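A short write-up of the structure that comes next.
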Amino acid sequence: MADDMPQHRYDAETADELETRWQAQWLADGTHHAPNPAGHLADDPLGVADRPKLFIMDMFPYPSGSGLHVGHPLGYIATDVYARFKRMSGFNVLHTMGFDAFGLPAEEHARQTGEHPRSNTENNIANMTRQLDRLGLGHDKRRSIATTDEAYYRWTQWIFNQIFNAWFDPDAGKARPIAELEAQFASGERTTPDGRAWGALSPSEQRSVLHDFRLAYVSEAPVNWCPGLGTVLANEEVTADGRSDRGNFPVFKRPLKQWMMRITAYADRLLEDLDLLDWSDSIKTMQRNWIGRSEGAEVRFAVDAASGDAASATTIDVFTTRPDTLFGATYMVLAPEHPLVDTLVADAYADNVNPAWTAGAATPAAAVAAYRARVEQMTDVDRQENKEKTGVYLGVHATNPVNGESIPVFIADYVLMGYGTGAIMAVPAQDERDWDFAMEFGLPIIRTVQPPADFDDAVPGDGAYVGDGPAVNSSFLDGLGVEDAKASIIEWLEANGSGVGMVTTKLRDWLFARQRYWGEPIPIVFDDDGNPISIPDEHLPVNLPELIDWAPRQLDEDSEPEPPLGRATEWATVDLDLGDGMKTYRRDLNVMPQWAGSCWYYLRYIDPVSDDVIVEPTSERYWMGSSPTDGLAESDEGAGGVDLYVGGVEHAVLHLLYSRFWHKVLFDLGHVSTAEPFKRLINQGYIQAAAFQDEREIYVDAASVEGDAQSGFTFDGTPVTRSFGKMGKSLKNSVTPDDMYAAFGADTLRLYEMSMAPITQDRPWETRSVVGSQRLLQRVWRNIVDEQTGELAVSDDAPSEELLRALHKTIDGVTADMDNLRYNTAIAKLTEMNNEVTKAAGPTPRVIADAMVRMLSPLVPHMAEELWSKLGGAGSVVWAHFPVADASYLVDDQVELPVQVKGKVRGRVRLAPDADESIALGAATADENVAAHIAGAEIRKVIYVPGRMINIIV
RNA sequence: GCCCGGGUGGCGGAAUCGGUAGACGCAGGGGGCUUAAACCCCCCGAUCCCUUCGGGGGUGUGUGGGUUCGAGUCCCACCCCGGGCACCA
């Protein structure tokens with residue numbers, strides 16, 4: 001670096017010195033502490049606890065061992081700017097950050113290195129904290145938590161107990177304590193499943209009855225058991241050909257008793273309450289689709305008596321959203337794995353059977369076996385790509401309850417076991433899939449909805465008609481529209497005992513158990529009869545056993561699935577007195593999924609201290625309640641919740657749905673005061689970066705690539721090709737914040753990331769462009785500080801009228817932009833203002849400098865704090881007031897407006913913004929070029945929008 | 001296939017209510033300062049045509065239509081890119 005550079009220029013070195021100095025000062029002073037209204041953390045030296053509140057949150061990170069790249073903090077910076085802006089605008093702002101620290105990578109790391117997940121996790125958190133602290137985020141660090149803290153997961157387990165000890169009362173539409181259900185059984189208000197009196201049941205039988213109602217319950221579900229690794233694997237750890245991702249061992253599907261959460265009970269409320277939320281339509285749509293609610297009916301088809309003894313006693317239940325089309329049902333289809341198939345399948349095909357229906361098999365049983373084998377072999381990808389309809393006939397018929405028609409029964413892979421009842425009635429005339437199948441197998445097609453005249457109705461060239469229209473060929477439904485016909489047929493089905501109106505969702509109950517080590521132990525023990533019993537709250541937390549044998553344990557194919565906690569043999573049993581004396585119980589060996597800890601962390605941010613209650617109620621109501629003055633009042637319908645939640649779109653469904661579910665249970669049980677956890681949600685974009693591949697298509701380190709788009713890119717002298725993708729390890733295109741701190745300082749990095757694009761948008765990283773943000777800060781600095789001496793260089797003279805006007809317009813625009821998180825345009829306005837200051841001769845007037853520093857402070861807090869201190873400001877700029885625009889400076893005496901002739905701009909005139917039309921027209925026609933364009937023509941019409949434009953029609 | 005976003009200079013983007021398209025920045029070009037370079041400061045910049053050198057005119061926001069005095073913005077059809085779902089009865 002040149003020696004003759006001014007000594008006090010704002011450069012990376014200056015930035016580093018003042019940034020670390022102010023960060024230490026803020027920490028020492030507790031500058032970013034937010035006071036609670038009551039209970040813990042209620043100390044309030046600045047007197048801000050009576051302000052309106054604002055609760056701002058980022059989706060908290062998993063503490064990865066590889067540290068941060070510049071893409072990670074994008075959202076954190078955005079929320080920090082907003083928090084700082086709102087603090088300066090009169091709010092008490094809660095903003096902090098924690099760590100979602102349970103999870104697979106630490107456990108995997110332990111398996112490979114022997115380092116305990118806890119120490120590995122703590123190291124990673126320390127490294128990440130260092131990187132984040134250097135950014136100058138204004139967090140209340142007293143409120144930081146990690147999901148792995150015993151004091152935290154104690155409450156995660158407590159919530160599990162709350163859910164376990166609750167049932168969903170469909171009449172009340174909400175969760176209630178299980179004790180209230182027990183009381184209903186005991187009083188006889190509710191009868192037991194087998195009709196015996198409650199008191200006549202043994203305690204074990206009572207537990208078993210109650211268990212079927214609990215919101216957390218045990219159910220048998222298939223898991224991926226990998227004996228070669230001695231562990232159960234997650235779906236994403238199993239390769240497409242059924243082997244373990246790691247080690248390539250065979251994986252077997254095995255049933256295992258697992259914890260489920262009854263989220264389906266909340267499907268309707270999760271759907272309806274989306275309307276209360278200020279979230280993007282795309283996220284709401286994704287949640288709606290995931291829940292996948294459909295209204296329809298379950299219809300019962302009796303299997304024909306001629307079909308044989310076993311089969312004729314059975315009925316097939318189907319789910320349909322179009323019961324109105326029942327008269328058009330011409331065949332039925334079961335999923336190949338449907339449990340009824342083996343019962344239904346006929347001994348032999350009739351002699352005149354359509355050969356296409358048998359796939360060449362001699363008997364129905366042979367056809368089914370062959371078809372099942374074929375379907376099983378197909379991968380999911382095959383099934384998705386190949387949508388040609390296949391299936392085989394079971395050799396039986398069933399009776400359409402509405403008209404007595406006998407229709408054939410098939411199995412086909414286009415019917416899925418996991419949805420509805422796993423069986424359908426097929427109505428080819430009104431369903432495209434059924435149409436295709438019917439065409440393939442030569443089945444009859446009966447229109448039951450009259451298509452409109454312009455619908456090509458020439459069978460077979462047209463296809464299914466799925467729209468609305470009058471019912472036809474449908475007896476008593478004829479003439480009714482689809483909606484009316486549905487209501488009418490459901491009424492008929494229910495009256496005749498042939499079916500019932502029903503709602504189905506795609507949403508399944510939440511599989512909550514993980515056969516893992518590094519997670520929250522499920523606080524359950526089992527009695528001798530195998531009934532689960534929750535460990536009383538006063539015994540929480542159930543801590544993880546420390547001693548774990550990480551070495552893989554090879555087991556054979558016939559072994560039973562065993563979670564890692566099963567190896568902690570001493571821990572696995574426990575002596576407890578659960579009300580009937582000291583007994584030995586077996587512990588549950590599962591842990592919770594990673595979603596659990598992140599389901600409720602916002603509550604513990606409010607009160608990370610209390611050990612007698614999950615969150616202190618007064619503080620909970622204050623921070624979670626609706627804030628009519630939070631600037632978001634427009635859409636505020638009282639759902640309450642975190643005022644602003646920012647994070648990646650990858651959590652659009654699962655995290656946000658699970659969290660909403662838990663919150664609603666806690667709400668029903670009276671532990672929280674709001675119906676929803678997150679009032680307003682914003683998904684930040686990703687940072688993309690150029691990535692380079694050599695001729696083998698292997699990614700090379702992007703930082704070492706030379707050249708440009710014109711001359712071509714090279715790596716180590718060999719040509720490479722460029723593409724763009726999400727910054728990260730796999731594309732070898734990461735840029736670390738540490739590098740940016742060293743080259744420019746944290747404020748420049750913050751400013752650059754916020755100036756690139758609107759917050760919701762993906763943006764390409766370009767290190768060479770960062771210098772633009774640094775230059776802006778250098779110019780601001782130079783306008784206030786003498787670069788040679790480091791002394792303040794502002795004038796106490798009044799600023800010019802022109803500069804004041806520019807300033808107040810800037811204040812006005814920047815305030816609106818910041819309120820709407822449009823930082824890129826706010827920065828553009830500040831840049832323009834600073835350019836005005838630079839152009840104005842002489843030292844910067846103090847009032848201009850003061851306002852500029854305040855406005856910049858949310859974006860570049862360290863530099864602003866330094867300048868604030870040089871300017872002699874009182875206290876920290878963090879608590880200074882954001883400037884307020886003086887309306888009298890916002891209106892110009894004269895504005896330039898375009899003059900159009902027949903809609904084309906032909907000239908410009910300067911006018912008072914409120915000039916009346918005759919004056920405006922006079923000025924406009926006085927313009928030489930305008931006059932030339934209207935010469936010789938008659939003015940037919942004048943459109944004049946004061947202050948905007950004037951258009952002359954000739 | 002269905003459902004969401006989105007297509008504006010060499011690049012990132014701006015134009016918030018239908019009213020001067022391209023703010024602000026990067027890269028580029030020119031000039032000033034300097035012995036020189038860096039830094040810094042000022043200016044230019046969609047495109048084509050005409051020009052008496054003051055300026056004037058045409059075309060331009062993915063494509064084609066439409067509404068309007070006026071369209072990047074609204075409507076219709078289509079093309080392309082990104083994301084989500086995907087035989088969910």
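For clarity, every value in this text was computed on a predicted model and none was experimentally measured. Residue numbering restarts at 1 for every chain, and letters A, B, ... go by the order of the sequence lines.
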*C1' gap between B/C75 and B/U68, integer Å*: 12 Å

*Expressed as a whole number of Å, how far does the P atom of B/G57 sit from that of B/A21?*
13 Å

*Measure from NZ or CZ of A/K726 to the centre of the six-membered ring of A/Y686 and say whether it is under 6.0 Å with the direction within 45° of the ring axis.*
yes

*Rounded distance in Å between the P positions of B/C79 and B/U63*: 15 Å

*What is the nucleic acid contact for A/E832, judged by heavy atoms within less than 4.0 Å: base, sugar-phosphate only, or nothing?*
sugar-phosphate

*Taking atom P in both B/A15 and B/U8, compute the distance separating them and give it to the nearest angstrom.*
15 Å

_A/V771 or A/I953, whichever maps to the more 5' nucleotide of RNA chain B_ = A/V771

*For A/S294 and B/A89, is the shortest distance between a side-chain N/O and OP1 or OP2 below 4.0 Å?*
yes

*C1' atom, B/U67 versus B/U16: distance in rounded Å?*
23 Å

*What about A/R948, does its side chain sit under 3.5 Å from the base of B/U20 through a donor-acceptor pair?*
no

*Want to settle it: does A/I424 or A/A828 sit nearer the 5' end of RNA chain B, counting the closest nucleotide to each?*
A/A828

*Measure the CZ-CG distance between A/R910 and A/L897 for me, rounded to the nearest 0.5 Å.*
9.5 Å

*Does any donor-acceptor pair link the side chain of A/K389 with the base of B/C87 at a separation under 3.5 Å?*
yes

*asked:* Within the 4.0 Å heavy-atom criterion, would you say A/R508 contacts the bases, only the backbone, or no part of the nucleic acid?
replied: nothing

_Distance check, C1' atoms only: B/G83 and B/A14, in whole angstrom units._
25 Å

*NA contact type, A/N820, heavy-atom cut-off 4.0 Å: base, sugar-phosphate, or nothing?*
nothing

*Measure from the ring center of A/F441 to the ring center of A/F410 and say whether it is less than 6.0 Å.*
yes

*Under 4.0 Å between any heavy atoms, over every strand shown, what does A/N683 touch: base, sugar-phosphate, or nothing? Just pick one.*
nothing

*Can you tell me if A/N783 and A/T838 form a side-chain donor-acceptor pair at under 3.5 Å?*
yes

*Just checking A/D762: base, sugar-phosphate only, or nothing, at a heavy-atom cut-off of under 4.0 Å?*
sugar-phosphate

_For atom CG of A/N824 and atom P of B/C24, their distance in whole Å_ = 14 Å

